[in-house]
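Order of listing sets the numbers, starting from 1, for every ligand and every atom in it. Here the structure is a predicted model, which is why all the values come from computation and not from measurement.
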Amino acid sequence: MSMKPITILAIESSCDETSASVCKDGKILSNIIATQKIHEQYGGVVPELASRAHMQNIVPTVDAALKAANCQLTELNAVAYTQAPGLIGALLVGSQFAKSLALSLDIPLIAVHHMQAHVLANLIAEPRPSFPFLCLTVSGGHTQIVLCESPLQMKVIGETLDDAAGEAFDKSAKLLGLPYPGGPLIDKYAKTGDPNRFKFPEPQIPGLDFSFSGLKTAILYFLQEQTHKDPGFVEKNLADICASIQNRIVSILLNKLKKAVKETAVKDICIAGGVSANSGLRSAFVEMSKSLQLNSFIPAFEYCTDNAAMIAITAYHKFLAKDFAPLSSSATARAEWS
Ligand code: KG4
Ligand code: ZN
């Protein structure tokens with residue numbers, strides 16, 4: 001007897017990416033991402049402009065995702081949306097659209113936690129980690145170490161007390177006069193620099209939590225002092241400065257991950273989120289896994305930055321668990337883990 005396929009449309013709109021994805025029986029058929037260019041000129045995401053851009057993007061993005069998956073609306077078995085956390089106006093666009101569609105098609109609605117989805121991006125394609133695994137989720141908005149026991153059972157065992165890892169990259173880049181988002185540029189310049197040329201402090205935070213605000217201040221004072229002595233300091237030493245900053249951010253992240261591995265004794269470790277695109281982090285992560293004899297996993301880049309495929313895969317597991325949301329469910333800027 002053949003089982004009826006489970007086809008889900010997922011929508012992500014928590015920040016500055018409008019994304020829609022179709023997944024069938026846990027396999028991603030499409031993942032369309034409309035990136036909002038409007039924020040570049042402001043040096044960061046402007047919430048009100050993000051909401052307006054989502055309003056413009058949502059219908060064409062969903063349409064493109066259905067077409068790319070060769071899927072008719074009538075084939076859908078559920079509609080999923082990112083419920084939290086994120087910018088409330090941005091989240092409301094995706095949630096209202098998902099609710100209206102679920103209502104009109106008379107199919108279940110699934111509410112997904114964005115951070116849980118980042119972790120489960122690791123389940124999208126082979127090779128997949130085995131449970132339990134640890135995931136270091138690093139993006140512009142979040143820095144967490146998550147212990148994942150099963151697709152829907154996970155626990156945050158460490159997180160940032162202030163800035164996220166991506167913010168540490170972006171704010172450092174801003175101090176160097178680089179445009180937003182500066183993370184990829186620091187990565188680029190770091191490639192030809194000496195990571196040990198300048199020493200930035202490693203914060204002493206107990207347990208598995210992170211802090212990046214001290215690093216930002218240390219970089220600010222360092223640059224003020226150096227440019228006071230030599231106004232051309234940044235320009236002359238850009239590669240070494242970037243490599244040294246990146247080196248410190250990476251060591252802060254991986255030292256905590258290593259500590260978490262010791263405490264949990266897991267064998268599989270993953271990274272996720274936009275900062276996992278960082279080449280220094282990727283290579284140090286793989287090296288650390290090898291030296292500790294662990295299996296390491298990094299999702300394909302399109303599943304690392306904000307995307308609806310990770311919402312779809314999470315929704316698929318929720319569908320299997322019959323974890324549906326009422327039409328009265330709503331987006332929230334902050335949310336506890338379910
Ligand atoms: O996951 P993401 O796309 O959006 C959020 O949910 O925040 O992450 C964006 C963050 C930005 O801070 C950006 O600078 C950083 O990821 N990022 C990088 C790199 N690519 C993206 N940071 C360092 N190196 C990179 N190659
Ligand atoms: Zn994210």
Note to self: My understanding is that we take every heavy atom of each candidate and find the minimum distance to atom 12 (O) of ligand 1. Doing that for Thr137, Thr35, Asp170, which one comes out nearest?
What the structure shows: Asp170

Next item on the list: Give the contacting part of Asn278 toward ligand 1: side chain, backbone, both or neither, where contact means a heavy-atom distance below 4.0 Å.
Entry: both

Next item on the list: Using the test side-chain contact (heavy atoms from CB on, under 4.5 Å), find all partners of Leu91 that sit at least two apart in sequence or belong to another chain.
Entry: Ser14, Thr82, Ala331

Next item on the list: Answer yes or no: are there more than 12 heavy-atom neighbours, outside Gln293 itself, under 6.0 Å from its atom CD?
Entry: no

Margin query: Let me confirm one number: the SG-CG distance from Cys23 to Leu29, rounded to the nearest 0.5 Å.
Written below: 7.5 Å

Checklist line | Top protein contact for atom 4 (O) of ligand 1, by heavy-atom distance | finding: Asp306 OD2, 3.6 Å

Notebook entry, point to check: Would you say Cys15 contacts ligand 1, with heavy atoms under 4.0 Å as the rule?
Noted result: no

Margin query: Salt bridge or not between Asp230 and Lys236? Use side-chain N to carboxylate O under 4.0 Å.
Written below: yes

Checklist line | Close side-chain approach of Ser172 and Lys216, heavy atoms under 4.5 Å | finding: no

Check: Who's the nearest protein heavy-atom neighbour of atom 9 (C) of ligand 1, and how far?
Finding: Gly140 N, 3.6 Å

Next item on the list: Using a cut-off of 2.8 Å, find all protein N, O or S atoms closer to the Zn ion (ligand 2) than that distance.
Entry: His114 NE2, His118 NE2, Asp306 OD1

Next item on the list: Using the test salt bridge (Lys or Arg N to Asp or Glu O under 4.0 Å), find all partners of Asp268 that sit at least two apart in sequence or belong to another chain.
Entry: none

Check: Among all residues two or more places apart in sequence or in another chain, which pass the side-chain contact (heavy atoms from CB on, under 4.5 Å) test with Met288?
Finding: Leu254, Leu257, Lys258, Ile269, Leu292

